[in-house]
Amino acid sequence: GVIAMASSLDQVGPCSRTVLDAAVQAVEQAEVLVTVGTLLSVQPVAGLVPLAIAHGHRVIIANWDETPYDDLAHAVLRGDVQDTLPALLG
């Protein structure tokens, strides 16, 4: 499966433990983590990227700007997500 993480997830404020636990479980079970429109600078959500890598899963980052995890990603789509996401999803 694929889990997509949108920028709104790391901007809504502190995550409840239930939401974070569900996100961790989803990342552990997913084959691919796609992050969309986020700088991946807010913890603990940003920690989902190295978690996916640690489990051997692919990571795709779609964002206008560089993120601290670009070097770990299997693919980085730079540009407006309104343009890059449709190209990714075909």
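In this chain, residues are counted from 1 in sequence order.
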Assess whether side chain to side chain contact (heavy atoms under 4.5 Å, CB included) is satisfied between Tyr69 and Ile61, documenting all intermediate values. CA-CA 8 Å; Tyr69 298 104; Ile61 297 173; 4.0 Å; yes
Contacts of Arg78 that satisfy side-chain hydrogen bond (donor to acceptor under 3.5 Å, both in side chains) - sequence neighbours left out: Asp70
I'd like to check His74 versus Ile53 (side-chain heavy atoms, cut-off strictly below 4.5 Å). Are they in contact? yes
If you define the side chain from C-beta out and look only at heavy atoms, does anything of Thr84 sit under 4.5 Å from Val81? yes
Could you check Thr38 against Thr67 for side chain to side chain contact (heavy atoms under 4.5 Å, CB included), going step by step and ending with a plain yes or no? CA-CA 8 Å; Thr38 174; Thr67 79; over 6 Å; no
Within one Ile-Leu-Val-Met-Phe-Trp-Tyr cluster: Val36 and Trp64, side-chain cutoff 4.5 Å: no
Gln82: partners by side chain to side chain contact (heavy atoms under 4.5 Å, CB included), with sequence neighbours left out: Asp80
Distance from Leu77 atom CG to Asp83 atom CG, nearest 0.5 Å? 11.0 Å
With the side chain counted from C-beta on, respond yes when Thr35 and Asn63 share a heavy-atom pair under 4.5 Å apart, and no when they do not. no
Check the surroundings of atom CD in Gln25: do more than 12 heavy atoms from other residues, nucleotides or ligands lie under 6.0 Å from it? no
Show the numbers, then the answer: is there a side chain to side chain contact (heavy atoms under 4.5 Å, CB included) between Asp65 and Leu39? CA-CA 7 Å; Asp65 297 310; Leu39 290 172; 3.7 Å; yes
Provide the full list of side chain to side chain donor-acceptor pair (under 3.5 Å) pairs with a residue in residues 45-60, sequence neighbours left out, each pair given once. none
What are the two closest non-hydrogen atoms of Ala46 and Leu40, and how far apart are they? CB-O, 3.3 Å
Any donor-acceptor pair under 3.5 Å linking the side chain of Gln43 with the backbone of Gly47? yes
